[in-house]
A.B. asks: 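Structure below; questions to follow.
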Number of protein chains: 2
Amino acid sequence: MGKQKRVFEDELLFFRALADYTRLRLLNLMGTDEVCVCFFVEVLKINQPKISRHLAYLRRAGVVEARREGKWMHYRIIEPRDPRAAKIFKEVRAWLNEDADMQRDRERLAKVCCAPQPPLQLRRAPRPASLVA
Amino acid sequence: MGKQKRVFEDELLFFRALADYTRLRLLNLMGTDEVCVCFFVEVLKINQPKISRHLAYLRRAGVVEARREGKWMHYRIIEPRDPRAAKIFKEVRAWLNEDADMQRDRERLAKVCCAPQPPLQLRRAPRPASLVA
DNA sequence: ACTTCATATTCGCTTTAGCGAATGTGTTGA
DNA sequence: TCAACACATTCGCTAAAGCGAATATGAAGT
């Protein structure tokens with residue numbers, strides 16, 4: 001048998017995932033449904049590699065999952081496996097939902113998403129389902 | 001008016017406080033009531049400056065407070081001011097309470113605390129109230 | 001006043017996290 | 001098959017976190 005698994009490692013990964021502003025902003029934008037990477041880049045005005053790295057982190061932490069659609073990748077929030085983590089995660093998302101700055105981010109997503117003339121980079125990008133109704 | 005307060009700073013401080021194993025262990029030991037610094041040192045077998053630094057961190061994050069009793073300092077958990085943080089914090093503590101490793105730490109505290117012949121360093125230290133009943 | 005004891009803080013160092021720029025990968029359409 | 005596109009990953013660097021050792025502080029007893 002190999003070396004013992006490091007103690008409390010999954011739990012710490014979960015908390016560390018929440019301890020970064022960019023990652024909280026990403027989670028916030030995924031609040032309602034899945035979002036395409038290019039929208040994160042546009043709405044948050046953050047370069048693409050940084051966005052991708054933080055999304056990968058969230059995925060390793062078990063709080064989001066990805067779906068491919070052609071060239072595009074959609075990310076959505078999933079329930080953490082541990083029920084305790086799941087409960088905490090729900091509360092965190094509710095907290096984000098209340099925060100004024102986070103609300104502004106969501107409004108920017110809605111705006112970019114529904115604009116009649118979306119920015120060049122997003123002309124052909126698939127929009128978040130709930131926002132195109 | 002000065003520079004704008006950095007966005008989401010308090011919330012991040014709170015999450016960062018939870019993103020460290022030593023700090024979670026400290027919070028766990030304070031689960032029931034206030035604990036004297038020297039007990040943390042003895043139970044966790046961690047040097048005193050490290051314990052003090054992490055306790056200071058938890059204090060800055062607004063999740064513990066300190067009380068002096070002569071030469072000794074007692075730390076106890078307090079409710080975070082923000083009600084959302086308070087709710088999350090409660091869940092986190094419940095999670096710690098379930099974890100097997102954390103439970104072992106608490107047992108070690110109870111053992112050290114109630115031993116008829118406590119270790120030299122603790123001969124005269126004030127014991128956690130709830131464990132001397 | 002001086003010493004001891006419990007704890008806090010500082011200092012120099014090591015490790016880890018996060019970053020932008022560059023590059024790699026996988027998909028689509030010509 | 002090749003170019004364009006969307007995204008992921010790697011690379012080298014910088015900044016921040018965490019550490020043990022040393023030192024400072026503050027209360028108590030002599």
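Every chain is numbered from 1, with letters handed out A, B, ... down the list of sequences.
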A.B. asks: Calculate the interatomic distance between A/L55 atom CG and C/dG18 atom C1'; express it in whole Å.
C.D. replies: 15 Å
A.B. asks: Just how far, in rounded Å, is P of C/dA6 from CZ of B/F40?
C.D. replies: 16 Å
A.B. asks: Under a 4.0 Å N-O cut-off, is there an ion pair linking B/R67 with B/E69?
C.D. replies: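 Salt bridge flag = yes for B/E69 with B/R67.
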A.B. asks: Could you list the residues that satisfy ring-ring contact (aromatic ring centres under 6.0 Å, His included) with A/Y57, not counting sequence neighbours?
C.D. replies: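 Partners of A/Y57 under the ring-ring contact (aromatic ring centres under 6.0 Å, His included) test: none.
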A.B. asks: Could you work out, with ring-ring contact (aromatic ring centres under 6.0 Å, His included) as the rule, every residue matching A/F15, not counting sequence neighbours?
C.D. replies: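 Partners of A/F15 under the ring-ring contact (aromatic ring centres under 6.0 Å, His included) test: B/W95.
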A.B. asks: Using a 4.0 Å heavy-atom cut-off across all strands, classify B/R23 as base, sugar-phosphate, or nothing.
C.D. replies: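 Touches sugar-phosphate only.
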A.B. asks: Can a side chain N or O of A/Y75 be found less than 4.0 Å away from OP1 or OP2 on D/dA8?
C.D. replies: yes
A.B. asks: Write down the distance between CZ (B/R67) and P (C/dA6), rounded to a whole number of angstrom.
C.D. replies: 17 Å
A.B. asks: Let me know the distance between NE2 of A/H74 and P of D/dA6, rounded to the nearest Å.
C.D. replies: 12 Å
A.B. asks: Please name all residues satisfying side chain to side chain contact (heavy atoms under 4.5 Å, CB included) with A/A66, sequence neighbours left out, ordered by chain then number.
C.D. replies: A/R59, A/M73, A/Y75
A.B. asks: Nearest whole angstrom, please: distance from the C1' of C/dT16 to the CZ of A/R16.
C.D. replies: 9 Å
A.B. asks: What pairs with B/A86 under side chain to side chain contact (heavy atoms under 4.5 Å, CB included), at least two apart in sequence or on another chain?
C.D. replies: B/E79, B/P80
A.B. asks: Please name all residues satisfying side chain to side chain contact (heavy atoms under 4.5 Å, CB included) with A/P49, sequence neighbours left out, ordered by chain then number.
C.D. replies: A/N47, A/R53
A.B. asks: Where along nucleotides 19-28 of chain D does protein come under 4.0 Å, by heavy atom, of base (B) or sugar-phosphate alone (S), with - for untouched nucleotides?
C.D. replies: BBBB----SS
A.B. asks: Take the protein atom CD1 of A/I51 and the nucleotide atom P of C/dA21, then report the distance between them rounded to whole Å.
C.D. replies: 15 Å
A.B. asks: How long is the line joining CG of A/L13 and C1' of C/dT16, in whole Å?
C.D. replies: 14 Å
